[in-house]
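In what follows, a single structure is set out as structure tokens and then discussed.
In the text below, chain A, chain B and the rest are named by the order of the sequence lines, each starting its count at 1.
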Amino acid sequence: MSFDWREIEEKWRKEWEKAKIFEADPDPKREKCFVTFPYPYMNGPLHLGHGFTATRVDVYARYKRMRGFNTLFPWAWHWTGEPILGAALRVKSGDPEMIRALKEIDGVPEEELKKFVDPIYMARYYTSEGREAVRKIGFSVDWRREFHTTSLEPTYSRFIEWQYETLRRKGYVVRGTHPVVWCPNCRSPTGDHDRLEGEGVSAEEYVLLKFQFNDAYLPAATFRPETIYGVTNMFLNPDADYVEAVVDGEKWIISREAASKLSEQLKSVKVLREFKGAELIGEYFVDPISKRRLPILPGWFVDPESATGVVYSVPAHAPADWIALKDLINKPDVLRKFGIDPEVVRGIKPISLIEVEGYGDYPAVEIIEKMGIKDQFDPRVDEATSTIYRKEFHTGVLKPITGKYAGKRVQDVKSELIEDFKQVGIADIMYDLPEKVVCRCTTRCIVKVLSDQWFLKYSDPEWKEMAHEAVDEARIYPEEARAYFHDKIDWLHDWACARRTGLGTPLPWSPGWIVETLSDSTIYMAFYTIIKLIRQHNIKAEQLTNEVFDYIFLGMGNPEDLAEESGIAAGLLKEMRREFTYWYPVDLRVSAKELVPNHLSFFIFQHTALFPREFWPRAIGVNGMLSIEGKKMSKSKGNFLTLSNVVDNFGADVTRLTLMLGAEGMDDPDWRVENAKSIDSRLRALYRLIGEIVSLQGDSEMQNIDRWLISVIQGRIKSVTEAIETLRTRTAAEVALFEVWNDIRWYLRRAKKRNPNTLREVAEMWIRLLAPFTPHLCEELWHLMGNEGFVSTAEWPKYDEGKVDVKAEESESLIRNLMADTASIIGVTKMTPKKICYYVASGWKWRSYLEMIRESLETKIEMRTIMRELMKDPELRREAKKISVFVSKALQEINAMPTDQKKRRLKAGELDEEALLKEAKRFLEKEFKAEILVYKEEDPLRYDPKNRANLAKPYRPAIYIE
RNA sequence: GCGGGGGUGUCCGAGUGGUCAAAGGAGGCAGGCUUAGGACCUGCUGGCGUAGGCCUGCGCGGGUUCGAACCCCGCCCCCCGCACCA
């Protein structure tokens with residue numbers, strides 16, 4: 001029985017498309033469900049990670065559709081931003097790495113590749129490839145609502161303009177300055193993707209403390225301005241080039257490099273003269289706090305490339321400073337060369353200002369000694385510095401020498417102190433990079449402070465508060481992700497929402513700026529609701545005025561007036577409004593967890609800013625990141641799997657199900673070919689099994705085992721349903737595929753006669769439970785079973801409490817336990833049984849047992865009380881002695897029994913074990929290949945040579961084997 | 001460093017107080033089918049045990065509880081994110 005996935009899948013895809021079952025229009029009579037997947041960025045093909053997240057969306061959509069919801073799953077493509085442009089440029093310049101990736105990984109044919117010098121062509125290419133992949137994997141998308149971003153989709157662009165003008169009007173977009181890593185050659189910020197060197201490096205903010213030097217300042221850079229109270233001297237690099245420059249009207253002495261850096265940081269810098277650091281060595285400067293005169297000493301460790309190239313020395317708390325001083329003390333000749341009396345240096349004593357646990361007054365001195373660092377060129381100086389820094393920052397308390405800050409912890413007082421110092425004019429700030437960053441164009445990057453930047457004011461406390469509320473009101477899957485959202489909402493600060501380059505939508509009020517990529521993708525789900533009508537009625541971008549959008553999305557104005565202004569018929573405007581209000585809010589949005597700190601949080605923020613509360617997102621799902629054979633997927637590692645390729649290799653259903661069984665919640669799924677192969681053969685076996693069930697003939701009487709199967713299937717329906725509802729897609733797939741399968745397997749093993757009606761009933765439910773995961777195969781099976789219509793729109797199986805048969809289930813678990821016990825005895829005794837005797841518990845044991853369970857539901861039962869209770873029954877009273885022996889044994893078992901099981905057993909009541917076992921006799925004989933005899937424990941005619949019958953307990957018949 | 005997630009049997013992975021030697025899958029073993037099979041079907045799969053039991057066990061160490069993989073305290077280790085970028 002071989003069949004071709006591609007053939008089946010293609011067949012049903014065409015049928016679905018022909019019947020337009022995934023095209024969703026407003027229907028006031030039906031409840032709606034609007035699910036979305038963040039549109040993928042089109043600088044490359046869709047990969048398997050997209051497939052994972054989107055399959056979760058599709059499973060949910062298909063499930064909801066079967067539940068009778070009018071379900072909309074739209075799709076679109078993100079073109080906004082730099083990378084498409086960058087990639088096209090790299091193709092143009094013939095970047096071999098880029099060309100290789102495009103050819104080998106993305107499978108771009110040679111003749112197409114040439115055209116990739118045009119970024120738009122590239123985006124279109126990947127978009128159409130992507131669309132094909134989405135179709136192939138069987139996502140239930142309404143394609144009438146497809147679009148892409150940027151000004152190349154003028155109506156979308158107009159929508160973004162409306163969004164930003166509205167945000168600005170409401171005060172959520174503001175102007176400001178911001179430091180960025182900047183390439184002076186490209187004249188643009190250099191993101192991580194655009195760097196040859198320095199990945200992950202970002203600007204650090206130094207505090208400059210301005211020490212007086214004659215008519216000038218020596219602005220020393222530091223992260224620890226509190227240490228100014230312990231300054232003992234200054235270090236300049238005698239071999240480095242310094243300048244005297246007028247900086248914002250003051251005379252500063254800084255390294256030559258620093259001067260050019262500062263000129264990019266909104267400071268006016270005019271260099272007066274240049275000189276070697278040696279010139280100032282031996283001179284004195286004044287500390288602005290205590291007005292002490294302190295010496296300037298030579299320090300070759302001072303890097304003129306780092307910040308100002310001016311360093312003040314705090315030997316008590318900075319290991320580098322202490323070791324540098326020690327070096328100088330050991331080299332009196334060097335000092336004399338600079339005209340410094342060695343006694344001056346020897347006379348410098350560390351000044352302690354921070355009290356820190358585990359150290360004395362001079363932590364820097366201690367750690368240098370402890371680590372055995374010998375001079376300032378020892379590479380471990382950095383390690384010592386960061387150890388002391390961390391320790392002092394987190395646990396250090398400032399000493400009385402620090403005046404008003406005394407007694408406070410360093411980390412608590414730091415920002416206050418910086419503000420104070422700025423106020424009195426002794427501090428300034430400067431940005432610099434902690435490590436070298438090199439742009440792709442090979443130019444070394446600097447920090448530039450951009451002015452006139454446009455920001456989304458995510459720092460706004462009231463806005464944050466609304467975002468928190470939106471998170472509180474939404475369902476978050478998994479629940480653990482909720483804390484993550486709250487945390488990230490607090491952590492977000494203002495976001496530069498416009499850029500100078502890249503594809504996108506120009507900022508309407510400020511030419512030369514383009515709305516940045518993460519910022520034009522926050523509320524576009526609203527656009528899905530109307531793009532269909534925009535297309536159908538050929539509405540032009542110019543007609544979509546702000547007032548029109550205000551009406552559609554916010555219900556402002558009246559359609560008759562708007563019709564006149566815009567030329568869009570009033571009826572059509574109303575229809576667009578209806579379409580929006582019908583579909584909105586978003587019922588579920590799903591993405592990988594990496595998008596929580598940015599896209600998903602922005603999505604939440606902007607919804608709260610622009611829409612009334614009833615249109616805030618209803619549910620957000622977050623999932624892990626897909627790895628391939630245990631490794632992170634990446635083009636450079638050569639383990640990049642495109643969605644299209646995987647679907648071609650394994651088929652849509654195998655791919656979908658394998659992905660779904662990979663992980664749920666925030667766990668990272670792992671794609672393994674072995675798993676996919678195993679799922680492939682599973683599904684083929686499923687096809688065969690259903691085929692067998694379909695071919696079963698005749699009729700058969702309902703046995704206990706039939707009731708059992710129908711009953712446990714109810715439980716499966718319930719757990720699959722609950723799992724999908726809460727987006728636990730792995731659990732749902734696992735139960736729907738394997739647990740149901742095992743139930744049926746047990747039935748087939750156990751049933752005397754396979755009942756075609758039972759199996760057909762179960763198979764139909766089974767196929768429907770699997771349909772969201774493997775829709776094509778299920779469609780095939782659905783029809784194989786003789787059903788009309790699509791399984792994709794069939795009714796989701798209903799959990800039917802009336803079909804739950806606790807007695808049948810408990811009876812079956814009795815049989816299973818008995819088999820396990822019997823097998824265990826056979827295993828231990830190593831005997832080949834000829835005869836197996838079972839003795840079932842007597843009626844009084846059952847009655848006592850059930851009574852004990854009943855009692856134990858309320859209290860912890862005790863011997864004395866339960867006996868008193870049982871003895872009220874005159875019939876039981878006659879067996880008082882035996883009962884007391886039995887009760888004392890059963891007591892522990894019942895007290896340890898989970899409530900759930902107690903309830904089940906109580907509900908099942910007394911089982912007719914004798915009948916049950918007799919009915920299972922043939923089955924047990926087949927299983928154990930031995931004669932099975934069943935007796936009541938008190939049967940006087942029983943065969944019981946070892947006298948085991950009295951060991952019988954309810955649910956646990958006594959066993960004798962020979 | 002900060003924040004989030006996590007460490008379970010040969011492997012992957014459920015499980016958040018008793019039904020747990022621990023779902024399910026993979027792998028392994030055995031049997032069936034078969035000329036044969038890496039195909040398919042069925043069963044078994046921690047150790048010990050001549051009667052349904054016992055022992056060990058869920059990152060490490062301690063504690064709470066009649067009872068802990070699950071709760072509390074301390075420790076170790078791993079993964080992910082940390083901003084102008086999709």
Side-chain angles (χ1 to χ4, degrees), chain A residues 1 38 40-43 78 80-84 178-181 189 191-194 200 202 386 389-390 393-394 450 453 455 478 480-481 483-485 487-488 490-499 502 516-519 521 592-599 622 624-625 627 630 632 661-668 670 672 674-675 677-679 681-682 684-685 688-689 730-731 734-735 737-739 741-742 745 748-749 813 817-818 820-831 860 892-893 895-902 904-905 927 946 948 951 956-961:
Chain A
M1 170 123 28
Y41 187 67
M42 285 295 101
N43 66 335
H78 205 191
T80 309
E82 295 273 316
I84 292 176
H178 189 72
V180 294
V181 177
D192 252 1
H193 309 289
D194 306 323
S202 60
S386 87
Y389 177 83
R390 282 209 305 270
F393 179 75
H394 292 290
L450 296 178
Q453 238 321 331
F455 288 93
E480 299 97 88
Y484 195 11
F485 275 109
D487 182 66
K488 288 305 157 193
D490 279 332
W491 161 91
L492 267 170
H493 53 238
D494 293 351
W495 182 264
C497 62
R499 294 207 62 166
E516 174 272 335
T517 166
L518 284 176
S519 303
S521 55
K593 59 189 171 190
E594 58 172 355
L595 296 191
V596 170
N598 42 67
H599 167 70
V622 176
M625 313 250 306
S627 61
K632 193 172 166 174
L661 287 166
E664 65 191 7
M666 288 203 271
D667 294 338
D668 298 327
D670 185 25
R672 287 177 193 266
E674 279 307 306
N675 293 350
K677 284 184 180 161
S678 135
I679 292 303
S681 46
R682 274 285 175 177
R684 289 171 196 273
R688 284 193 300 273
L689 179 54
R730 192 193 114 91
T731 300
E734 194 271 326
V735 174
L737 182 67
F738 296 116
E739 307 287 357
W741 201 313
N742 286 340
R745 258 175 35 195
L748 295 177
R749 180 179 172 188
S813 81
N817 290 336
L818 188 63
D821 283 347
T822 307
S824 158
I825 294 167
I826 293 169
V828 169
T829 58
K830 299 189 178 70
M831 51 164 91
K860 185 178 167 179
Q892 237 185 338
E893 178 200 324
N895 273 331
M897 198 184 281
T899 314
D900 185 54
Q901 192 179 356
K902 286 180 189 169
R904 290 174 68 82
R905 293 208 165 166
E927 291 285 322
K946 284 274 172 71
R948 301 194 54 84
L951 297 174
R956 208 145 198 218
I959 303 170
Y960 169 72
I961 302 177

Does one side chain, of A/Glu516 or A/Ser519, offer a donor that lies under 3.5 Å from an acceptor on the other?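 Yes.
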Is there a donor in the side chain of A/Ser627 and an acceptor in the side chain of A/Asp670, or the other way round, less than 3.5 Å apart?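 The criterion, which ignores hydrogens and geometry beyond distance, is satisfied for A/Asp670 and A/Ser627.
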Starting at the 5' end of RNA chain B and moving along, which residue's nearest nucleotide shows up first, A/Ala663 or A/Leu951?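 Nearer the 5' end of the strand: A/Ala663.
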Could you please name the partner base of [N], counting Watson-Crick and G-U wobble pairs only when both distances are under 3.5 Å?
N	result
B/G52	none
B/G24	B/C12
B/G81	B/C2

What is the nucleic acid contact for [X], judged by heavy atoms within less than 4.0 Å: base, sugar-phosphate only, or nothing?
X	value
A/His599	nothing
A/Glu82	sugar-phosphate
A/Tyr960	base
A/Arg745	sugar-phosphate
A/Leu518	base
A/Asp670	nothing
A/Glu674	nothing
A/Leu492	base
A/Pro898	base
A/Ser681	sugar-phosphate
A/Val180	nothing
A/Arg956	base
A/Pro957	base
A/Leu595	nothing

Looking only at side-chain atoms of [X], point me to the closest of [options].
X	options	result
A/Glu734	B/U50, B/A23, B/G3	B/A23
A/Ala958	B/G81, B/G13, B/G52	B/G52
A/Lys488	B/A51, B/A83, B/G3	B/G3
A/Arg688	B/G24, B/G18, B/C41	B/C41
A/Asp667	B/G52, B/G5, B/G43	B/G5
A/Tyr484	B/G4, B/A14, B/G52	B/G4
A/Met666	B/G4, B/G25, B/G52	B/G4
A/Ile825	B/U19, B/G52, B/G25	B/G52
A/Ala685	B/C41, B/A83, B/G52	B/C41
A/Arg749	B/G5, B/G43, B/G53	B/G43

Intermediate values then yes/no, salt bridge (charged side-chain N to carboxylate O under 4.0 Å, His left out), A/Lys593 and A/Asp668: CA-CA 10 Å; A/Lys593 59 189 171 190; A/Asp668 298 327; 3.2 Å; yes
Interatomic distance where [atom1] belongs to [X] and [atom2] belongs to [N] [whole Å]:
X	N	atom1	atom2	value
A/Asp668	B/G7	CG	P	12 Å
A/Asn598	B/G4	CG	C1'	14 Å
A/Lys830	B/C48	NZ	P	10 Å
A/Asp821	B/C54	CG	P	12 Å
A/Arg730	B/G24	CZ	C1'	7 Å
A/Asn817	B/U19	CG	C1'	10 Å
A/Glu516	B/A83	CD	C1'	10 Å
A/Lys677	B/A26	NZ	P	14 Å

Looking only at atom C1', what distance separates B/C80 and B/C75, rounded to whole Å?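 Here B/C80 and B/C75 have their C1' atoms 23 Å from each other.
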Side-chain touch A/Asn675/A/Leu661, heavy atoms, less than 4.5 angstrom: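 Of all side-chain heavy-atom pairs linking A/Leu661 with A/Asn675, none is under 4.5 Å.
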Answer yes or no: is there a side-chain heavy-atom contact under 4.5 Å between A/Met625 and A/Glu594?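 Side chain of A/Met625 against side chain of A/Glu594, heavy atoms only: contact under 4.5 Å found.
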If you compare every side-chain N and O of A/Arg672 against the phosphate oxygens of B/A26 (OP1, OP2), does one of them come in below 4.0 Å?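 It does not, given that no N or O in the side chain of A/Arg672 lies less than 4.0 Å from OP1 or OP2 of B/A26.
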Mind checking the CD1-CG spacing from A/Ile959 to A/Leu951? Nearest 0.5 Å is all I need.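 Those atoms lie 10.0 Å apart.
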Rounded distance [0.5 Å steps], CD in A/Glu734 versus CD in A/Glu739: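 Going from CD on A/Glu734 over to CD on A/Glu739, the span is 4.5 Å.
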Looking at B/G1 and A/Tyr389: do their rings stack (centroid distance under 5.5 Å, interplanar angle under 30°)?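 One would not call A/Tyr389 stacked on the B/G1 base.
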So, for A/Glu927 and A/Arg749, which heavy atoms are closest and what is the spacing to 0.1 Å?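 So the minimum-distance heavy-atom pair works out to OE1-NH2, 2.7 Å.
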